[in-house]
Structure formats: C-alpha cells, structure tokens
Amino acid sequence: MKQIVRDFSKKVKEIRLSKKMSQGDVAKILGVHRTYISGIERGMTNPSLVTVEKFAKALKVKVDDLIKK
C-alpha cells in the first residue's frame, strides 16, 4: 500500500472520530455501504480524486486536510 493511501485513510478516520461520526454516518452521506468506509479507513481501497473530494464534503473539511501529513 502506498504511503499517501495510508495517510489519507488515517486522516479520514481521525477527522471522522473528532466529529463524533460513525462509519455509518459517513456512508449515509456518501450513499455507500459502511464496509466501503471501513475499507477506506483500513487503506484497503485506493480512492479516486473524486472520492477524496466527496469525503472532504461529507466531513466538512478541505481536501488538503485529508491529504496532507
């Protein structure tokens, strides 16, 4: 797994937890299954740029917040 994918997955989980959101909450906003969110957070899925943008909107953060270290 690439470092950028690990960094992204860690940030998604960190921000989601800081906002007291469940994986189900994020999944509902994105219109996907909760297991997809789990896969993202575990670094099992390499998200597209469009998906990164959707996560940023769902978590109400900037894209930069999800991809910078």
Side-chain angles (χ1 to χ4, degrees):
M1 169 179 24
K2 297 278 187 186
Q3 185 63 43
I4 192 166
V5 176
R6 282 192 293 262
D7 292 344
F8 174 77
S9 62
K10 182 179 175 183
K11 278 294 200 175
V12 166
K13 184 173 183 176
E14 179 183 297
I15 293 170
R16 177 182 63 76
L17 292 174
S18 75
K19 293 182 177 281
K20 297 181 175 36
M21 297 173 77
S22 69
Q23 289 179 341
D25 295 333
V26 177
K28 198 175 292 185
I29 293 167
L30 295 178
V32 298
H33 196 274
R34 186 203 55 79
T35 57
Y36 179 72
I37 306 304
S38 175
I40 290 283
E41 289 186 358
R42 290 181 294 123
M44 304 303 293
T45 303
N46 186 0
S48 69
L49 289 174
V50 172
T51 301
V52 172
E53 183 179 47
K54 287 179 181 180
F55 268 92
K57 287 180 182 178
L59 296 170
K60 298 181 181 171
V61 297
K62 296 178 185 174
V63 170
D64 289 354
D65 295 333
L66 294 175
I67 58 174
K68 67 181 180 184
K69 286 188 177 184

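A distance of 11.0 Å separates CG in D64 from NZ in K11, rounded to the nearest 0.5 Å. To the nearest 0.5 Å, atoms CZ (R16) and CE (M21) are separated by 8.5 Å. Distance check: K54 NZ to L59 CG gives 14.0 Å after rounding to the nearest 0.5 Å. Between S18 atom OG and K13 atom NZ the span is 13.0 Å, to the nearest 0.5 Å. Note that CD1 of I40 and OG1 of T51 are 6.5 Å apart. Values are rounded to the nearest 0.5 Å. One distance of note links NZ of K60 with CD1 of I15; it measures 14.0 Å at 0.5 Å rounding.
Considering every non-hydrogen atom in both S9 and G43, the closest pair reads CB-N, 3.8 Å. Considering every non-hydrogen atom in both I29 and A58, the closest pair reads CG2-CB, 3.6 Å.
Residues K57 and E53 form a side-chain contact, since some pair of their non-hydrogen atoms from C-beta on lies under 4.5 Å apart.
The number of heavy atoms from other shown groups lying within 6.0 Å of NZ (K19) is above 12. Within 6.0 Å of CG in L17 there are more than 12 heavy atoms belonging to other residues, nucleotides or ligands.
V52 is not connected to V5 by any chain of hydrophobic side-chain contacts under 4.5 Å among Ile, Leu, Val, Met, Phe, Trp and Tyr, and they are in different clusters. Residues I67 and V26 share a hydrophobic cluster, clusters being chains of Ile/Leu/Val/Met/Phe/Trp/Tyr side chains in contact below 4.5 Å.
Test R34, E41, R42 against S38 for side-chain hydrogen bond (donor to acceptor under 3.5 Å, both in side chains) and you get one pass: R42.
Listed for the D25 side chain is a donor-acceptor partner under 3.5 Å among the backbone atoms of S22. Checking side-chain atoms of T45 against main-chain N and O of P47 turns up no donor-acceptor pair under 3.5 Å.
Between F8 and F55, the ring planes lie perpendicular to each other; the angle is over 60°, past the 30° to 60° tilted range.
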Stepwise, does the side-chain contact (heavy atoms from CB on, under 4.5 Å) test hold for N46 with I4?
-> CA-CA 9 Å; N46 186 0; I4 192 166; over 6 Å; no

